[in-house]
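To start, the structure under review is shown below, and the notes come after it.
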Number of protein chains: 2
Amino acid sequence: MTEEARRSPERAKRLPRAVREKQILDAAVQVFSRHGYHSASMDEVSEVAGVSKPMIYSYLGAKEDLFIHCIRREANRLLAAVEAGIKPDLAPDMQLWHGLRSFYAFVAEYRESWTVLHRQAMSVGGPFADEVNAMRERAIELVAALVVSAGARRGLAEQAESSGEGMAAALVGAAESLADWWLDHSDVPDGVLASWLMNLVWLGFNDLVEGAVWKPAE
Amino acid sequence: MTEEARRSPERAKRLPRAVREKQILDAAVQVFSRHGYHSASMDEVSEVAGVSKPMIYSYLGAKEDLFIHCIRREANRLLAAVEAGIKPDLAPDMQLWHGLRSFYAFVAEYRESWTVLHRQAMSVGGPFADEVNAMRERAIELVAALVVSAGARRGLAEQAESSGEGMAAALVGAAESLADWWLDHSDVPDGVLASWLMNLVWLGFNDLVEGAVWKPAE
DNA sequence: CCGTTAGGTTACTTGCGAGTAGGCACCCCG
DNA sequence: CGGGGTGCCTACTCGCAAGTAACCTAACGG
């Protein structure tokens, strides 16, 4: 009996397709992030989206398609956020610093996006993992380019290139895993994570135990 | 009609329970590592194990129990391997070095164990992730102790402790992710991975671009 | 004011896979 | 030579969730 909800119990209002698609994707990300691909049910997605199941099939296709859509959208968001944070004319360490800050800011704000990308998509083989790996490769390249250019600047191009990709992978992995660790230790503020990593990968333990500390240039 | 396989088409030979349990666990690790928890079917496990489904239920319980058994066995194997590689009376960097080598050696030899632990168990919430996290915590503590003790040795106990766990998490994460990356770039020999990481976390980019290189003492 | 289409739904079919009931066969021990 | 226990299997039940058929209705153009 309130004023609204007067016709049939609850039939969704008519909305343009683009809006519904967004709602559905949002719901899907949420559900997939909670249960993972296989345990997530289309029924739950439809419920959370506030829309009935056939709409999903009609707009975004089968479960697989839906999941791919999620991954792609979130991966692009994430990379866009990181790239937007980087100022290409700064010194290498400052670039890295800004990239990391953007990354953790993103994870903090879009926790579910991150969960879907990192925890869920990886565990389902096939096309999904490929999709995520493509994103990671882009991230690794970003970092590798940074390493190599920093090395080249001082005449170490060759050596930097040979191990550059591997190190970049390790660094990206460290960042990812720290983000993951963070999900279970949320009391640490997000700026701190980035500086831990900077201290770790820029200075290294050897310098750290000597009392050295990395800080962003003013 | 060869000599064997003479009675009914193919009925498994009678074997003691302990042996069958091992076979089943081996098969389960293999299947879970390929498909992940949810997609793996008990039928496939039973087929790979060369044993029929009810045996699994009777020996190792339901699917969940089976998976837990796998995780626990593999986690213990892994940690045992790493701990066995560490010589506690060496310098911190050498301890780390040996630990990393053991770790990558393990991953190389028991690829499927690693996949189950890292890629699969994490993505299924609840009791499984807890199990794996318990293992990771042990690993992190191992490393954190190393960091802290290295710091304490030079009077930096306080600072090392505050960030020690986070850094250890990052380092463990870097090692894990590099292992993961390795699964898709298997052409790199395993010793190299460990030295990349040593260079990264012990020296840091700042030293590396100056041309510094970390090498194991003699 | 009527047809057509795009937004939306209910209620079904279907297949797959977890888990089980009930029974056969081998071997040891008396 | 029996029993009985332990290893092992065939052949089912049954529930859940993916995907679909068939239908309803608001709105807009002519």
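Chain identifiers are assigned alphabetically (A, B, ...) following the order of the sequence lines, protein sequences preceding nucleic acid strands; residue numbering begins at 1 within each chain.
Comparing D:dG19, C:dA18, C:dG7 against the side chain of A:Met55 picks out C:dG7 as the nearest. Closest to the side chain of A:Arg17, out of C:dT20, C:dG7, C:dT9, is C:dG7.
The NE2 atom of A:His38 sits 16 Å away from the C1' atom of D:dC16 (whole-angstrom rounding). Atom CZ in A:Phe67 sits roughly 13 Å away from atom P in D:dA18 (whole-Å rounding). The CG atom of B:Leu60 sits 13 Å away from the P atom of D:dG7 (whole-angstrom rounding). As rounded to whole Å, 14 Å separates atom C1' of C:dG7 from atom CD1 of A:Ile56. Distance, A:Glu47 CD to C:dT9 P: 13 Å, rounded to whole Å. In this structure, the CG atom of A:Asp65 is 13 Å from the C1' atom of D:dA18, given to the nearest Å. Rounded to an integer number of Å, the gap from CG of A:Asp43 to P of C:dA11 is 14 Å. If you measure from atom OH of B:Tyr37 to atom P of C:dG17, you get 14 Å, rounded to the nearest angstrom.
Between the side chain of B:Ser195 and the backbone N or O of B:Val192, at least one donor-acceptor pair lies under 3.5 Å.
Using a 4.0 Å heavy-atom criterion, one finds that B:Ser41 contacts the sugar-phosphate atoms exclusively. Using a 4.0 Å heavy-atom cutoff across all strands shown, A:Met42 reaches sugar-phosphate atoms only and no base atom. When heavy atoms are screened at a 4.0 angstrom cut-off, A:Pro54 is found touching base atoms of the nucleic acid.
Remark: A:Tyr59 is in phosphate contact with C:dG7, judged by side-chain N or O atoms under 4.0 Å from OP1 or OP2. In terms of phosphate contacts, A:Arg20 brings no side-chain nitrogen or oxygen within less than 4.0 Å of OP1 or OP2 of C:dA6.
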For this session: Could you walk me through whether A:Arg17 and A:Ser58 pass side-chain hydrogen bond (donor to acceptor under 3.5 Å, both in side chains), step by step?
Result: CA-CA 11 Å; A:Arg17 173 165 183 154; A:Ser58 131; 5.5 Å; no
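B:Arg14 contributes a side-chain N or O that forms a donor-acceptor pair with the base of D:dT6 under 3.5 Å. Residue side chain B:Lys53 reaches the base of C:dG19 through a donor-acceptor N/O pair under 3.5 Å, judged by distance alone.
A:Glu44 and A:His35 share a side-chain donor-acceptor pair at under 3.5 Å.
Relative ring orientation between B:Phe106 and B:Tyr110 is described as tilted, the plane-to-plane angle lying within the 30° to 60° band.
Of all the heavy atoms in A:Ala170 and B:Leu200, the pair that sits closest is CB-CD2, 3.8 Å.
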